[in-house]
Amino acid sequence: MLLTWLWLAPAAAMLVVWALPSRRLSRAAALAVSAGVLAYSLWLLAPYAAGEGLLRLEESGRAGPLGIRYHLAVDGIALPLCWLTALLSALSIAASWKADVPNAFWASFLGLESALMGVFLSRDLFYFFIFWDMALVPMFFIIGLWGSEGRRKAALKFALYTFLGSLSLLIGLAALATFHHGATGVWTWDMGELTRTPVMGRAAIWIYAALALGFAVKIPVFPLHNWLPDAHTEAPAAGSVMLAGSMLKMGLFGFLRILLPVFPELSAAALPFLGGLGVVNILYGAFCAMAQSDLKRLVAFTSVSHLGFCLVGIFSLTAAGIAGGSLQMLNHGLSTGGLFLLVGMLYERAHRRGLSDFGALASRTPVFAFFFCFILLSSIGLPGLNGFVGEMLSLAGMAQVSRLLAALGLLGAVLAAAWGLPAFQAVFWAPPGTDSVSDKIADLDLRERAILWVLLVLILWIGLYPRPLLELMEPAVSALAQR
Amino acid sequence: MMNACAVGTLFFAPVSALLLGFFVFRPYWPRKTHWPMLASCAAVTVASIHLAVQIHDGRIAGGSWELTAYRWACAGSWRVDFGVLVDGLSISVLGMVSLVSTLIHVYAAGYMAEDPSFCRFFLYFHFFFLSMVGLLVSNNYLQMYVFWEGVGLASYLLIGFWYEKEAARAAAWKAFLTNRIGDVAFMLAVFLLLRGLGTARFSEVFQRLPELSSSTLTAAAFLLFCGAAAKSAQFPLHVWLPDAMEGPTPVSALMHAATMVTAGVFLLARSMPILEEVPGVLAAAALIGLLTSLGAAAIGAMKRDLKRVLAYSTISQLGLMVLAIGTGNLFGAVFQLITHGFFKALLFLCAGSVIYSMHDSLSGATTVTVDDAGGLSKQLPVTSGAFLIAALALSGIPPLAGFFSKDAILEGVFATGSKALSVLALLAAAGSSFYIFRLLFLTFLGDRPEQRGPRAHAHEPGFRMKVPVLALAVFSAAAGSLGEPIAKVLGKEAPHLSLVVSAAGFAFAGLGILAAYWATMLRPGFDWAWRRAQPELERILDDDFGWQSFTAALARGVLGFAKLLAGPWERKTWDAFTEALADTFVGLGEGLSFFSRGALNDYLWWMILGAAALASTVVLCF
Amino acid sequence: MNSSLLVWGASGSLFILGAAFLVLRRQLIAMIIGLELMINAANLNIVAYAARRGDAAGLAAAMLVIAAAAAEAVVGLSLILNLLREEGAAESDRIRELSG
Amino acid sequence: MTPESIPLSLFAPQLPIAGALAGALLAGMFSKHRSGTLARIIGAAGVLAGSALLFWGPPYADTWLVRAGGIARAWQLFFHLAALAFLASHRAQGEQPVALLLAALLGMDLIAAANDLLALYLGLELMSLPTYLLVYGLKPQKRSLEAAVKYFFAGGAASGMFLFGLSIWYAGTGTTALAPGGMLDRGPSSAASLAFVLMGSAALFKVGAFPFHFWLPDVYEASEPELGAFMSTAVKAAGFLMLMLLSIGHSSFDPIGNSGALFPNLGAWLPVVSVATMTVGNLLALRQTNLRRLLGYSSIAHVGTLLSAVWVWQAGGHGEELATIWFYLGATLFMNTGAFLFLKLAGISQVSELRGYGSRAPWAAAFFALMLLSLGGIPPTSGFLAKFYVVWDLLKGGGIGLAAAVAFNSLLGLGYYLNLIRVMALEEPGQRTPAEPPRPDAGTALVLLCCAAAATVGFLPEAREWLFTLMTL
């Protein structure tokens, strides 16, 4: 029952928080619960993180006739993501402390957290899918109800794209189970068993394509990314932190957890295609980010670029690459989550997001400038901070396979400087423009500084000493790596 | 044991100074932040000198001392450990860097005294110093790369220190972007090494070089050279250095003259074993070094802004060092690197003193052009004296340091035996003495009719700025004698001054000085006159033979492509696609609603027709 | 075997006539007549084959069908009566309000 | 041959309902003003007694006319449940609606128990006629009269076709028993197929499948919401039962063994009709502004999905597919009842009235959103689980194309379900949005609670197995 509490506690708390009479009470309860879940996840999983003991921490119920079994487990790749989700939920709730929103706002965050925990923990494809779709409903309401001006259109587009993806995922999963039954005569949805029997033949390609499409919409991969900028820009700050922080990782997690182990040869065959798409993601995200005039939309496109690095890493199918990819998932959560928090704080004060709306903030709000510069550098991939470790490992992994893709991926690092620094300079260094609101912006208060210091310490720690995390991922990664 | 704690201070002194400065001095004594920084610089200098003496006297076995601190990351088959490597090469350069940094820290304390964000300046300044020290003593490529970009970041922050100025912001971003291009090449080289050997430690890499395939080796060597070329402002990627002069003068002195820009040459010197495996890259390095040196000398001779001339002079001297590396003369390059560190820093400090002293009279302009200044030697005797010593050293007049290091380089070039290379090298030497003495004459000696600026009533800068200038003057003069110790520390044979080469060098230097004297003092209006006579020649030279405008056009093109991609492509095609998809289904619905318009008879008609259709298909088909 | 042909012919034509009434006529009363025609066509079939086989159950079935048809007519006529009261004329184009 | 006599005890579950019918009418005679509530109580008591008797009543019997127990009992239980929901939530004055409902219920029970085509026809008539009257009776006005007339004529044509098909079958085989053999022994002749198609069309009409669906939106729009709920659940289920009875015939109709099809050629055209129904239902629902009409088209779309489930059941014939159909019908029962009752309580019929309702009545809006999510098939809800079972059986039965069609249509469905949620949650309240939240009374509140509970059963994939064991006790 230990693992079940990770997703059951926030789900139960969601109902309680929603029903509480006063808004302040429900806000406090939400923060308490999310902090509790974070502490619990750290306490529960930390001792196991050290040794091989991870897979022993498993729970599974009786297998029903359909072969569906309630089966939770955690391994090297899922563990950091659980921590990340718990951390970001707590931080985003703390960050939107001053927002005047109904109880449902806090309840949907807890619902989102429980669904994400479910996705990262479940080893059974059916429950994986249930949690996968359950994560979309709260996010739809977060974007739709409490977003900024264009929220309705963004919420609808978000819903349309993600449901298209999840439908393709449903078909793929069901077909995979039937195919597996055809091959072995056993009905099972458990990832462990599915990996044992190789899936071959033409049908496997169709199943692989359906699953890949389902995951690709969520990452998002280049052609299917159109929902991301609108969803991120219109979502409230805390919403985009959760969306960028952990929701985008569901797709990559799906690749790592389902496609790579169950279809090793097909993944190897798809390497140039999907690796190439990863590189396209990197460059396309960077180019679009360069041309944005809205700060939040710029950060949204950088997510596309960062996840491109994850994709390149994962689809290099080398131990270094996959370790880099999964580490970059974590880093992206921290740095882009941090950036969204900062932009949220800016929006909270001035209700404006344009690059030209601010100016010379470095002199007015030096603390804010320091945090923004630090987290932006981590997002650009400055060595010594966490972004660099993920990108370097992913590209080094890909370099072992195809030097061209690695070189093009590295080009993304140059473009990162091209979108990062001008944005920083426009907001903090350039003199205030005509309609600038810089004079209205006060510096960060204690609460905001505490939140950002947490992120700062993590970013610096992973940057300077990533070894414990990499050793944590080692068993799960070497299982997937093919070279 | 002593060595361990000496190496320890190399890292802990700057780190503790920074932490102290950030958490303690910034909130409480912002005007005093330079004290911890000075202390740490002094500590590092003492430690490096102690280590240098240890290595020089052979008390450290094998001339190099390596310690692996901790395992940074492990992924798949290879491990990356962070550690410290102190050998002849690193300690000699570190000695110069720490010494020059200490002096410039003192100078900066005086120069930046009235600046409002004094504390922020020193935090950035010392962060640079930490990164530079880290870069010099790291024992593997990855750790070197971490500090390599740290130095890049420090230069970005310091160039853009006065961020109110538009030019400073643009220069900072340009510097960081160009450096990033070089860093990416460096990183790709590291990937190739990791892929081939699974490790990036210098000692291991150099031992297992034969394991690498020749194509990987050439690619790695070439990419390393690109990385170094960006940092040391060689021809294709030098565009950022002249603009970097927007930063405060101590920054230009320390980073863009003495230490940071030499990091590229240091990287080439460090990876000499790899370069020696690939003769093609060495030849390319020599060619590019020479080309840069000559081009920069020509442009430097024409510039009017004091600091721009010195910037191009740095590019030219770096070209010479790369030429030395290209001819396989490691000792020449390192010796020139060290001596150049001293006299170029001195030149910049003198320029700084000139700017500082004329500051109030020039309404806040942060730089002085040759036209504003003139005949300053009377008001600034000390500065002009020091400038003269540094100029003599730069052009390579015998007793001073420049002569010995430039001679070492010329020895190497003559040793290659190619006549054309030697002549061009001599020409470069002549050029360097021409532009420095032109600057000397125009700024300090004769006053000229076309002088636009106010008759300068500068006053000698304060004590804190004069001491470093004098100290550096002494070093510029005495550094020549460091030849043997450096050679011994590097493990190379002692330099021998062949009469022919030194005479030719001295002759060309003298020629340059005379030409400068002829062009400025004897015909006072000439410098001004030819500019109006050939405006297009001035424009070409001003534009780095058209290279500056080309890179600007390239940047605009990339930004335009991005705007095209993000604007019409993202908005129109994708949004339109999703809307169209939705509209088609709603349209289908409208069409179908034609059949259900409420008439009972129609309903019944469609029912009966449907039943008949079903019946006919079932009956006929089965 | 021409007698079975005759029966099939009669009931088939009756059924089609009823369907035609139902679809083509606009007055609701005529459409109810169409319904009755369709039911009687079926009844004709049942009675004809029950007679040939001498199967009493078949005849009982025909009786049952007639009763059901009567019930149906009652319900139909009561609805149309209400429509007459409301609209004054039991026309099928009077009831076109619900659509879309 | 004289058929052997059938003991009255076979009809034990139906007797209390008939008694309640009579009691309700008598109640009407005595107390004028409170006759409605009295009738409802008597009716509910009768139905509950009937359901109780279903379990402890007569053992499994299989006479020539009717059957009792086994599968018939399961369907009858389902119809009783739907009737109870109607009685609990219905509020009209007089006692006629209760009586008519009980009559329709008896008709459905007869269809479930029918062993003979004539019994099937009688059940169909007994179910349909009261429903026509209910459409008009509950709220006598021009619109409901028009709907009733349309429903009557369409129903009349369908039962006419059924009867004609029956007569052809009787002419060919000489018996009206729902057993295979007779005409079939000489191989599938064209007469048998014609008979089957005509009878099948009547079933398809009752269900609202593609060529016969035109009446459904008008009737759902004009009739009372609780009747709409009753029709979209119970009457639709009866239609599916008829279709399954016809396609299988009774003798091999034990759910465990596989089927000897009475009419083997059902497999060819059922997929076509199912895909057509799904697509037409969804496409037309996209453009609706009247909520009841929209729920009508959404019910048509669900019929399409169910038809593909029937096709798989008919092709494969194992118990699992039947359980899928039951689970789907069960889920529809709760979803549609919840949705229709929400419309009745909130007094909303137009989409524009729904604008910004979330801020006016958050809990009611949350309930309706849950119903819509279940109708749309979003994971945590039972609607998703039902659709998942159908897709699962289709993939297992080899119907890849149908599975893809079901998936695509559920995306289409999301178009209007999510849009309603958006309108309700994201828009600002318009001037026509009802001000105060709805106040359900005890009975309706109970029904709504059951709907909400049932909607969240999406977590338990074994739900289908439990339902199957419950039904075949």
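Proteins get letters first, then strands, A, B, ... in listed order; numbering begins at 1 in each.
Of the residues considered (B:Val190, B:Leu194, B:Val80, B:Leu142), B:Leu142 shows the highest number of contacts with chain A, using heavy-atom pairs under 4.5 Å. Chosen from A:Cys373, A:Ala418, A:Gly384, the residue pairing most often with chain B at heavy-atom distances under 4.5 Å is A:Ala418. When each of A:Ala360, A:Pro468, A:Ala362, A:Gly397 is scored by its heavy-atom pairs under 4.5 Å with chain B, the top score falls to A:Ala362. Among the candidates A:Pro229, A:Ala286, A:Ala291, A:Ala319, the residue making the largest number of heavy-atom pairs closer than 4.5 Å to chain B is A:Ala291. In terms of heavy-atom pairs under 4.5 Å with chain B, the best-connected choice from A:Leu395, A:Ile322, A:Leu393 is A:Leu395. The most heavy-atom pairs under 4.5 Å with chain A, out of B:Leu565, B:Asp183, B:Leu559, come from B:Leu565. The residue among A:Leu377, A:Leu385, A:Leu464 with the most heavy atom pairs within less than 4.5 Å of chain B is A:Leu464. When each of A:Ala481, A:Gly324, A:Ala430, A:Pro366 is scored by its heavy-atom pairs under 4.5 Å with chain B, the top score falls to A:Ala430.
Residue B:Phe186 holds its CZ atom at 8.0 Å from OH of B:Tyr145, rounded to the nearest 0.5 Å. With rounding to the nearest 0.5 angstrom, the OG atom of B:Ser213 is 8.0 Å from the CZ atom of B:Arg195. For the atom pair B:Phe128 CZ and B:Phe147 CZ, the distance stands at 13.0 Å (nearest 0.5 Å). Once rounded to the nearest 0.5 Å, the distance linking OG of A:Ser326 with CD1 of A:Ile314 reads 6.5 Å. Taking CZ of A:Phe388 as the start and CE of B:Met187 as the end, the distance is 4.5 Å to the nearest 0.5 Å.
For the pair A:Phe315/A:Leu260, a side-chain contact is recorded, criterion being any heavy-atom separation below 4.5 Å from C-beta on. The shortest side-chain heavy-atom distance between A:Phe371 and A:Arg449 falls under the 4.5 Å cut-off.
Ring planes of B:Phe121 and B:Phe125: parallel class, angle under 30° (limits at 30 and 60°). A:Phe424 and A:Phe372 have parallel rings, their planes meeting at less than 30° on a 0 to 90° scale where 60° marks the start of perpendicular. Classification of the B:Phe82-B:Trp72 ring pair by plane angle, with boundaries at 30° and 60°, yields parallel.
Neither the backbone nor the side chain of A:Met473 comes within less than 4.5 Å of any heavy atom in chain B. With a 4.5 angstrom heavy-atom cutoff, A:Leu283 does not touch chain B via any of its atoms. With a 4.5 angstrom heavy-atom cutoff, A:Leu410 touches chain B via backbone and side-chain atoms both. Proximity to chain A (any heavy atom under 4.5 Å) is restricted, for B:Phe176, to the side chain, taken from C-beta onward.
A cation-pi arrangement, defined by a distance under 6.0 Å to the six-membered ring centre and an angle within 45 degrees of its axis, is present between B:Arg26 and B:Phe22.
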Donor-acceptor list for residues 399-406 of chain A side chains, cut-off 3.5 Å, not counting sequence neighbours:
unit_1   : atom_1 : unit_2   : atom_2 : d
A:Ser402 : OG     : A:Leu405 : N      : 3.2

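The stretch residues 149-159 of chain B places B:Glu149, B:Leu153, B:Tyr156, B:Leu157 near chain A, each with some heavy atom under 4.5 Å from a heavy atom of that chain.
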